[in-house]
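If you read the sequence from its start, that first residue is 1, and numbering goes on from there.
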Amino acid sequence: RDEVGRWAYQSCRAFLRWNSVAHGGGRLATSGEPLRAPRLGSCFGGWDCSNPSYIAPAHYRVFRDYMLKYAHAYGHTADEGERTAAGWD
């Protein structure tokens, strides 16, 4: 069970870091962080060619909430979930 929790946490962190890109035009989310888009699609996503079906806000909220809840157990630091929460907007 602990291994699955750690895998899920690390998967969330990796998605935010490696599978999303910041908005190039400087647009910001309500948190003040740059808006992000998935790096998917025929031109590897981003803001120029993302298919609308790739955008799944509910998934991002689940990832954010999971990282907030379990950072103390699986994060690099106990506050990692709080530090990365704004990036999920």
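Scanning all heavy atoms of the two residues, the minimum distance from Glu33 to Gly87 falls at CG-N, 4.3 Å. When all heavy atoms are compared, the tightest approach of Ala85 to Leu68 is CB-CD2, 4.1 Å. The shortest non-hydrogen separation linking Leu35 to Leu28 is CG-C, 3.9 Å. The nearest pair of heavy atoms linking Ala71 to Ala78 is CB-O, 3.5 Å.
Judged by distance alone, with hydrogens and angles left aside, the side-chain atoms of Arg36 form a donor-acceptor pair with the main-chain N or O of Ser20 at under 3.5 Å. Under the 3.5 Å distance criterion, the side-chain polar atoms of Tyr66 are matched with a main-chain donor or acceptor of Gly5.
By the salt bridge (Lys or Arg N to Asp or Glu O under 4.0 Å) test, Arg13 pairs with Glu80, sequence neighbours left out. Listed by chain and residue number, Trp7 satisfy the side chain to side chain contact (heavy atoms under 4.5 Å, CB included) test with Ser11 (two or more places apart in sequence, or in another chain).
Taking the six-membered ring where the residue is Trp, Tyr70 and His72 present parallel rings, their angle staying beneath 30° rather than reaching 60°.
No side-chain N or O of Thr84 forms a donor-acceptor pair with one of Arg17 less than 3.5 Å apart.
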Output, in order, the C-alpha distance, side-chain angles, deciding distance and verdict of side chain to side chain contact (heavy atoms under 4.5 Å, CB included) for Leu16 and Trp88. CA-CA 7 Å; Leu16 183 62; Trp88 290 106; 3.7 Å; yes

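A single hydrophobic cluster is seen to contain both Phe15 and Met67, as judged by linkage of ILVMFWY side chains at heavy-atom distances under 4.5 Å, directly or through other members.
Classification of Arg6 and Asp2 as a salt-bridged pair holds, one side-chain N sitting under 4.0 Å from a carboxylate O.
Atom CD of Glu82 is surrounded by 12 or fewer heavy atoms from other residues, nucleotides or ligands within 6.0 Å.
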